Amino acid sequence: MELKQRIQQLAATISTDVIGYRRHIHANPELSFEETNTSAYVSQLLTSFGVKHETSIAGTGVVALIEGKNPSSKVIALRADMDALPIEEKNDVPYKSTNIGVMHACGHDVHTSSLLGTAKILSQVTDQFEGTIKLIFQPGEEKFPGGASLMIDAGVLENPAPQNIIGQHVMALIPAGKVGFREGMYMASADEIYITVKGKGGHAAMPDKNVDSILIASHIIVALQQVISRNCDPRIPAVLSFGKIMGMGATNVIPEEVYIEGTFRTLNEEWRAEAKQRIKKMASGIAESMGATCDVDIKDGYPFLKNEPALAKRMRAAAVDFLGEENVLDLDLWMAAEDFAYYSQKIDACFYRLGIRNEAKGITSGVHTSTFDIDEAALQTGTGLMAWLALEELKA
Ligand SMILES: [Zn+2]
Ligand SMILES: [Zn+2]
């Protein structure tokens with residue numbers, strides 16, 4: 001039998017098992033960097049497949065190696081994230097979260113169970129490929145500083161060093177059975193901005209005796225939009241949004257301080273560094289010119305995510321070969337952030353989307369909502385495809 005048919009057949013054979021893994025992980029979600037039981041479950045299953053692995057990497061991370069013939073000829077990494085979110089699940093399903101207030105609302109249960117399925121498939125065909133497949137189960141995608149950066153610090157991209165890395169993420173806009181690819185820039189960097197404007201509080205009827213932090217903060221918010229509209233190269237996507245402003249005065253009280261929080265996202269590292277300097281300088285300059293002071297604290301989030309064009313092109317072609325042209329879509333830029341970006345800054349990477357939507361079954365909720373769920377048929381697609389992508393890339 002041709003290897004492709006064999007992979008498809010294995011994905012179908014183990015699909016019920018993989019649904020079981022997903023339901024177990026979904027029912028027992030753990031927050032970022034607390035994935036102790038999930039990690040133990042992953043380890044236990046890898047052992048049962050006969051896949052050698054190491055545990056407790058960067059806390060709860062697990063790294064496994066599946067070696068074919070001539071294992072040092074080429075190494076490809078596959079990555080899944082394991083953490084859940086602080087959301088109370090509203091779905092009425094048999095596999096509903098039993099950890100109240102914690103939910104797999106970003107599909108990381110899908111990524112982990114799918115990669116376990118891929119491991120099970122690959123461990124049965126080691127006589128049919130050359131090279132090594134490294135499986136990375138990482139903690140903490142949802143929380144700063146990101147499990148990916150900690151795994152890299154712990155040496156996950158060495159001994160053996162993968163030439164490239166492939167990851168998948170669920171997407172609620174894409175129907176189950178389909179996947180999406182994009183070459184080049186894909187997801188944004190995301191930095192958090194915290195600004196405190198310090199004026200002089202007092203009676204609102206005597207503005208000349210005060211330094212009005214509310215008015216100064218308003219000027220700062222409006223002026224900072226110019227960093228995007230006037231300083232950013234129009235060909236670079238960039239977003240600056242403020243989602244929180246707090247000035248605890250009253251109708252007749254000007255507050256001492258106003259506190260502002262926002263997010264800055266873009267897809268160019270040079271511009272990202274420049275923009276952060278401009279934001280600091282402009283906010284401080286406006287505050288100072290109006291008699292106030294201003295603290296600008298910018299917390300660096302994940303970098304932007306780049307799909308190496310040649311790799312993404314090969315992976316898209318392999319997906320077409322495996323799933324059919326009609327099941328492979330092209331993705332737009334996506335201004336959300338993802339810690340897989342850290343791997344993409346180090347080695348050639350391809351991050352693709354796994355469709356999970358099924359309108360007929362009412363499965364349409366987006367990620368990070370309390371009603372997020374998937375059409376579990378997607379697991380067979382994700383499991384088989386990832387195995388196939390790794391095998392094709394080892395041959396490339
Ligand atoms: Zn998420
Ligand atoms: Zn996610």
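This is a predicted model, so every value here is computed, not measured. Values below: every heavy atom of this structure, side chains too, minus hydrogens, waters and symmetry copies. Each ligand, and each atom within it, is numbered from 1 in the order the structure gives.
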Looking at F264, does the NZ or CZ of K276 lie under 6.0 angstrom from its six-membered ring centre and within 45 degrees of the ring axis?
no
Could you tell me if N164 and E308 have a donor-acceptor pair between their side chains, going purely by distance under 3.5 Å?
no
Return yes when atom CD of E54 has more than 12 non-hydrogen atoms of other residues, nucleotides or ligands closer than 6.0 Å, and no otherwise.
no
Looking only at N, O or S atoms, which one in H108 sits nearest to the Zn ion (ligand 2)?
NE2
Under 2.8 Å from the Zn ion (ligand 1) - does any N, O or S atom of E141 fall there?
no
Among N, O or S atoms, E142 approaches the Zn ion (ligand 1) most closely through OE2
How large, to 10°, is the angle at the Zn ion (ligand 1) when you draw lines to SG on C106 and to NE2 on H368?
100°
Can you see whether Y342 engages D153 through a side-chain donor-acceptor pair at a distance of less than 3.5 angstrom?
no
